[in-house]
Amino acid sequence: MKVDGQPYRTIWLSADGRSVSVIDQTLLPHVFKVVAWRTLEDVVAGIRNMVVRGAPLIGASAGYGIALAMSADPSDKAFEYAYQALFASRPTAANLRWALDRMRSVLLPLAPSERTSVAFATARNIADEDVANCSAIGEHGKALIQQAWDSVQRSRPVNILTHCNAGWLATVDWGTALAPIYKAFDTGIPVHVWVDETRPRNQGASLTAWELGHHGVPHTVIVDNAGGHIMQNGKVDLCIVGSDRTTAGGDVCNKIGTYLKALAAHDNQVPFYVALPVSTIDWTIEDGVKSIPIETRAPEEVTVISGLTSDGKVESVQLTPQGSAALNYAFDVTPRRFVTGLVTEFGVFPPLPEEMTKLREEAEKQR
Ligand code: MRU
């Protein structure tokens, strides 16, 4: 996607061929800065501190993390060390393990002397495939937006609610939940996006709003608690969110607050779609509520907030009384019964057992 007219991906091999460039997402929307990763440690810290975030981008970053580790030491021992360090950097995104396992299956059969160049090529493939998958998700999801437009006799823009940031910043390009919106907008379907601010880190207010604004997509930022009210008042035609991990049974783990939006959508008969590449599906588990450990992050993400001051500086301020405890769950699980469909690179699949089997078969055909 473009930033001030220049096309960007979120991650790429730098011109020196030895470092990896990423957009520092902790500084957006106020500062756009590209930073370089030179070592495995840079990548681990970048994922942990959310310089990059979003399940597909975490997976692509892990691929490059292994490549940087192999360029320093291509031994089996160094590979295993890098695998474990990256795996521990964020616990939820299924794409992290998926990418690490792929790097392992490609690299370990090779002689150490061959590993570095193949590691960089495989990391590049993971990134390129993510772009193609997100583009396909966009096409399948665009058809849903088109249907919503037709069902209002093309009389007004389609209102879509999204949570957190599942746009191009969360992937390598296009996004998951936002890809259908970009594709619809680019083909002339009028859309308007309700952007949940998404406390505590405000990925909606800072990242989704920034992306949509740069692409010219009409949008309105709302506080997280407003979604139920606007759905009840007929102001949302469909919800589209992303996922960090979806189970074989179709339960969806996503940014904290997603579950509440799904409940409100269910009560108001608003279709609730989840857009994700198949690499986000954890085929080893069925029941997300029982089986997905939920990441808890630093309480300071709740108690402290940062923003732009009137004299143009980014500053942090304390929100809560000194001494009040805060608990910071980063994700929640939306049970499959509240999900209308999973929008994947292979099409739209309701999260029913026979449909999940079909989706798995489609994915396996492609391997
Ligand atoms: O904690 P984050 O910012 O890495 O979490 C990302 C999300 O939860 C997004 O909502 C997204 O849907 C998953 S990645 C496309």
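Atoms within each ligand, like the ligands themselves, are counted from 1 in listed order. Everything numeric in this text was worked out from a predicted model, so none of it was measured.
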*Residue list, side-chain hydrogen bond (donor to acceptor under 3.5 Å, both in side chains) with Asn254, at least two apart or on another chain*: Thr258
Is [X] in contact with ligand 1, taking contact as a heavy-atom separation below 4.0 Å?
X	answer
Arg201	no
Val241	no
Pro56	yes
Met50	yes

*Hey, is Lys255 touching ligand 1 through its side chain, its backbone, both or neither, going by heavy atoms under 4.0 Å?*
both
*Does Thr258 approach ligand 1 within less than 4.0 angstrom via side chain, backbone, both or neither, non-hydrogen atoms only?*
neither
In ligand 1, which numbered atoms sit nearer than 4.0 Å to a non-hydrogen atom of [X]?
X	result
Gln203	1 (O), 2 (P), 3 (O)
Gly242	12 (O)
Arg90	1 (O), 2 (P), 4 (O)
Cys164	6 (C), 7 (C), 8 (O), 9 (C), 10 (O)
Gly54	4 (O), 14 (S)
Phe331	1 (O), 5 (O), 8 (O)
Ala170	15 (C)
Ser243	12 (O), 13 (C), 14 (S)

Looking at [Y] and [X], is any side-chain nitrogen of the basic one under 4.0 Å from a carboxylate oxygen of the acidic one?
X	Y	result
Asp130	Arg9	no
Arg102	Glu129	yes
Lys33	Asp24	no
Arg360	Glu362	no

_Point-to-point distance, once rounded to the nearest 0.5 Å, from CE of Met356 to OG1 of Thr247_ = 6.5 Å
*Geometric cation-pi criterion, Lys261 with Phe272: 6.0 Å, 45°*: no
Which residue holds the protein heavy atom closest to [atom], what is that atom called, and what is the gap in Å?
atom	answer
atom 12 (O) of ligand 1	Asn254 OD1, 2.8 Å
atom 14 (S) of ligand 1	Ala55 N, 3.1 Å
atom 7 (C) of ligand 1	Asp244 OD1, 3.2 Å
atom 15 (C) of ligand 1	Thr176 OG1, 3.4 Å

*side chain to side chain contact (heavy atoms under 4.5 Å, CB included) between Lys142 and Thr187, worked out*: CA-CA 9 Å; Lys142 180 178 88 174; Thr187 51; 3.4 Å; yes
Check residues 80-88 and write down every donor-acceptor pair under 3.5 Å in which the side-chain atom is one partner and the other belongs to a residue at least two apart or another chain.
residue	atom	partner	partner atom	Å
Glu80	OE1	Arg104	NH2	2.6
Glu80	OE2	Arg104	NH2	3.3
Tyr83	OH	Asp101	OD1	2.5

*When you look at NE2 of His266, are more than 12 heavy atoms from neighbouring residues, nucleotides or ligands closer to it than 6.0 Å?*
no
*Given the rule in the ring-ring contact (aromatic ring centres under 6.0 Å, His included) test, do Phe331 and Tyr259 qualify, once you have shown the distances and angles that lead to the verdict?*
CA-CA 9 Å; Phe331 297 97; Tyr259 171 46; over 10 Å; no
